[in-house]
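As structure tokens, the structure follows; a few thoughts come after it.
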4 protein chains.
Amino acid sequence: MFQLDVRSRKPIYEQLVDKIKELIITQILKPDEQLPSIRMLSSQLTVNPNTIQRAYRELENQGYLYSIKGKGNFVAAIEHMPNEQKLTELKAEIKKLIAEAIYLGLTKGDLDVLFFEVNHTNKGDNSDDTSSIRK
Amino acid sequence: MFQLDVRSRKPIYEQLVDKIKELIITQILKPDEQLPSIRMLSSQLTVNPNTIQRAYRELENQGYLYSIKGKGNFVAAIEHMPNEQKLTELKAEIKKLIAEAIYLGLTKGDLDVLFFEVNHTNKGDNSDDTSSIRK
Amino acid sequence: MFQLDVRSRKPIYEQLVDKIKELIITQILKPDEQLPSIRMLSSQLTVNPNTIQRAYRELENQGYLYSIKGKGNFVAAIEHMPNEQKLTELKAEIKKLIAEAIYLGLTKGDLDVLFFEVNHTNKGDNSDDTSSIRK
Amino acid sequence: MFQLDVRSRKPIYEQLVDKIKELIITQILKPDEQLPSIRMLSSQLTVNPNTIQRAYRELENQGYLYSIKGKGNFVAAIEHMPNEQKLTELKAEIKKLIAEAIYLGLTKGDLDVLFFEVNHTNKGDNSDDTSSIRK
DNA sequence: GTGGTCTAGACCACA
DNA sequence: GTGGTCTAGACCACG
């Protein structure tokens with residue numbers, strides 16, 4: 001299900017957070033859908049249960065999941081997310097990265113392409129059209 | 001010269017890397033210009049010299065600086081940078097962040113504004129055409 | 001009858017305890033009144049019977065209910081409650097929370113409003129003088 | 001320094017969170033003051049370092065602390081706290097508890113006393129007057 | 001020295 | 001069965 005790089009500088013739990021966040025953002029995981037149990041993922045990925053739990057807890061703190069003792073972890077609806085401040089941070093980060101990319105030679109055309117791809121990969125809130133570029 | 005936030009989760013050396021990178025990108029620091037010595041920065045910022053050195057080393061690894069033993073650290077020219085791979089990474093990262101921002105409610109209009117700001121900021125400083133720095 | 005929030009961190013049995021306690025406190029459930037049977041509540045709320053039982057047991061331990069084998073669960077009269085110690089605990093807890101709220105910026109005015117609301121809500125329902133229920 | 005009850009239903013890390021929060025609220029711990037290191041507390045309380053860290057991390061998430069790798073954990077200034085939503089929750093909780101206390105026999109006089117104590121224990125932001133009831 | 005991550009494995013609470 | 005807590009102990013990153 002996931003590809004983890006244990007030798008990476010990025011902690012395993014963070015890699016997990018990113019992967020799962022991506023699945024939620026691209027709506028591959030729908031709101032209220034159940035995630036694999038900690039123990040299942042743990043054995044599938046041969047990663048300690050505590051590490052999986054750490055990732056799930058982090059996603060819960062960020063508002064992407066909710067957890068029910070005895071039942072499992074579930075995808076949170078977007079409404080339950082504290083997104084104002086987060087958005088401001090994200091915009092600043094994006095601007096920084098684009099500035100760096102331009103310095104390294106990103107052309108206006110490249111940016112347009114990138115911009116176009118994003119619009120068509122992630123098409124609003126409730127698309128029947130899941131013709132996404134990502135598999 | 002710099003504003004460091006000791007409270008931030010981001011390590012100090014990383015904050016330094018980001019700040020210096022920003023000065024280079026916005027061309028406040030020009031190619032082949034000399035950076036302040038480790039000792040000077042260290043005492044100015046009241047930061048451990050090791051930490052400054054760590055930041056300089058990191059920037060050198062990323063191709064933003066080159067160092068000459070006994071003389072100091074200098075801004076690298078863009079031509080000397082390994083930017084193909086870096087650019088690919090950056091584009092992927094930017095796309096990921098924009099996708100996340102859209103999920104959190106960023107509108108098309110917001111994106112246009114952000115896009116405009118980036119173009120405007122970078123054009124103003126150094127060139128009237130960023131579309132052909134490379135290839 | 002009840003609204004349970006499955007997404008809450010709070011276990012379902014605890015949510016049940018709180019709701020029922022509230023009904024007793026606001027005297028919507030009167031002393032010696034019978035509560036719905038475990039099976040009924042269970043099927044109405046689509047909650048595991050064990051969970052309902054757990055809540056009833058908890059309320060019995062706290063003195064809010066008494067149960068008669070083969071007949072059901074009933075609201076306990078206030079006289080039968082061990083409230084001295086409980087009151088002391090509650091007062092300590094309330095003081096702690098108010099102190100925290102003040103630290104987070106609660107003003108004296110806010111407190112007065114809150115104070116007023118409590119008095120008003122409780123007076124309206126059952127008595128014109130709450131100052132002498134006990135001792 | 002702290003009194004922990006390992007047999008309590010309340011997890012150790014939560015007991016720690018509560019104790020430390022209290023020290024911060026009563027301003028016994030001042031902003032930017034350093035907390036005991038994880039390992040020191042760990043050995044003093046004969047509690048596993050991970051458990052202490054869990055408590056510190058929780059306090060950081062709630063905005064009461066900030067942590068610097070390699071340096072330690074520090075008390076956060078109040079300005080850095082997300083207190084709007086928190087305050088609303090606290091007020092609701094306080095009202096609930098007062099209602100319960102009144103049901104159990106809390107008199108108006110008791111409430112006045114309690115109210116008075118709080119005001120004089122926690123006297124605004126910057127008191128020279130530390131004549132607090134709490135030791 | 002500090003905090004951060006991860007593992008192996010135990011035991012408890014909830015549904 | 002699920003998640004939550006805790007321990008013992010190892011190793012890494014930071015300053």
Side-chain angles (χ1 to χ4, degrees), chain A residues 4 6-16 34-42 45-58 60 65-74, chain B residues 4 6 9-16 42 45-55 58, chain C residues 4 6 8-16 42 45-55 58, chain D residues 4 6-16 34-43 45-58 60 65-74:
Chain A
L4 295 180
V6 287
R7 274 167 299 168
S8 164
R9 300 247 314 169
K10 193 185 282 185
I12 296 177
Y13 86 90
E14 248 181 71
Q15 295 181 44
L16 263 170
Q34 183 164 7
L35 281 96
S37 85
I38 290 179
R39 280 154 192 163
M40 253 190 57
L41 249 193
S42 165
L45 305 175
T46 55
V47 158
N48 190 287
N50 287 332
T51 306
I52 309 284
Q53 193 180 32
R54 177 90 160 79
Y56 279 2
R57 193 195 308 285
E58 178 68 24
E60 191 182 358
L65 297 187
Y66 62 94
S67 142
I68 307 179
K69 213 192 255 189
K71 299 200 78 173
N73 286 276
F74 304 84
Chain B
L4 296 179
V6 289
R9 300 298 316 246
K10 199 183 281 183
I12 291 179
Y13 89 92
E14 246 181 73
Q15 292 184 46
L16 265 170
S42 165
L45 304 176
T46 56
V47 157
N48 192 307
N50 292 334
T51 308
I52 311 283
Q53 194 170 30
R54 171 79 199 269
E58 181 69 22
Chain C
L4 297 179
V6 288
S8 166
R9 300 298 316 249
K10 198 180 283 185
I12 291 179
Y13 89 90
E14 249 180 73
Q15 293 184 44
L16 264 170
S42 165
L45 304 175
T46 55
V47 158
N48 192 308
N50 291 335
T51 307
I52 310 282
Q53 193 170 31
R54 172 77 199 269
E58 181 70 21
Chain D
L4 295 180
V6 287
R7 273 166 300 167
S8 163
R9 299 246 318 168
K10 194 187 281 186
I12 295 177
Y13 86 91
E14 247 180 72
Q15 295 180 44
L16 264 170
Q34 182 165 8
L35 281 96
S37 84
I38 290 179
R39 279 151 192 165
M40 254 190 57
L41 250 192
S42 163
S43 67
L45 305 176
T46 54
V47 159
N48 190 288
N50 288 331
T51 307
I52 310 284
Q53 195 180 31
R54 176 89 159 80
Y56 279 3
R57 193 195 307 285
E58 180 67 24
E60 191 182 357
L65 297 186
Y66 61 94
S67 142
I68 307 179
K69 215 194 252 191
K71 301 200 78 174
N73 287 275
F74 304 84

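Note: hydrogens, waters and symmetry copies are ignored here, and every other heavy atom, side chains too, is used. Order of the sequence lines sets the chain letters (A, B, ...), proteins ahead of strands, with each chain counted from 1.
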Exercise. With a 4.5 Å heavy-atom cut-off, do A:Ile52 and A:Val47 have their side chains touching?
Worked result: yes
Exercise. In whole angstroms, how far is the C1' atom of F:dA8 from the CD1 atom of D:Ile38?
Worked result: 16 Å
Seminar exercise, completed: When D:Gly70 and C:Lys10 are each assigned the nearest nucleotide of DNA chain E, the 5'-most assignment goes to D:Gly70
Problem set entry | Nearest-Å distance for atom pair CD1/C1', residues A:Ile68 and F:dG1 | 15 Å
Exercise. With sugar-phosphate meaning primed atoms plus P, OP1 and OP2, does D:Val47 contact a base, only sugar-phosphate, or nothing at under 4.0 Å between heavy atoms?
Worked result: sugar-phosphate
Exercise. Could one point to a donor on the side chain of D:Asn50 or the base of E:dG3 with an acceptor on the other under 3.5 Å away?
Worked result: no
Exercise. Which of the following nucleotides, F:dT7, E:dG4, F:dA13, is nearest to the side chain of D:Gln53?
Worked result: E:dG4
Exercise. Any N or O donor-acceptor pair linking the side chain of D:Arg39 to the base of E:dG3 at under 3.5 Å?
Worked result: yes
Exercise. When rounded to the nearest 0.5 angstrom, what distance separates CZ in B:Arg9 from CD in D:Glu60?
Worked result: 4.0 Å
Problem set entry | Below 4.0 Å: OP1/OP2 of E:dC6 and any side-chain N or O of A:Arg54 | no
Exercise. Just to confirm, is there a sub-4.0 Å distance from OP1 or OP2 of E:dC6 to any side-chain nitrogen or oxygen of A:Tyr13?
Worked result: no
Problem set entry | Nucleotide forming a Watson-Crick or wobble pair with F:dA8, both distances under 3.5 Å | E:dT7
Exercise. Are OP1 or OP2 of F:dG4 and a side-chain N or O of C:Arg9 less than 4.0 angstrom apart?
Worked result: yes
Problem set entry | Taking every non-hydrogen atom, the tightest pair across A:Ala55 and A:Tyr13 | CB-O, 3.6 Å
For this session: Using modelled atom types only, decide if a donor and an acceptor are shared between the side chain of A:Gln53 and the backbone of A:Ile38 within a distance under 3.5 Å.
Result: no
Exercise. Does the side chain of D:Ser67 get closer than 4.0 angstrom to OP1 or OP2 of E:dG4 through an N or O atom?
Worked result: yes
For this session: Decide yes or no, distance alone: a donor-acceptor N/O pair under 3.5 angstrom between the base of F:dG9 and the side-chain of D:Asn48.
Result: no
Exercise. From the list F:dC14, E:dA15, F:dT7, which nucleotide is the closest neighbour of the side chain of B:Pro11?
Worked result: F:dC14
For this session: Using the closest heavy atom to pick a nucleotide of DNA chain E for each, name whichever of A:Lys69 or D:Ser37 lands nearer the 5' end.
Result: D:Ser37
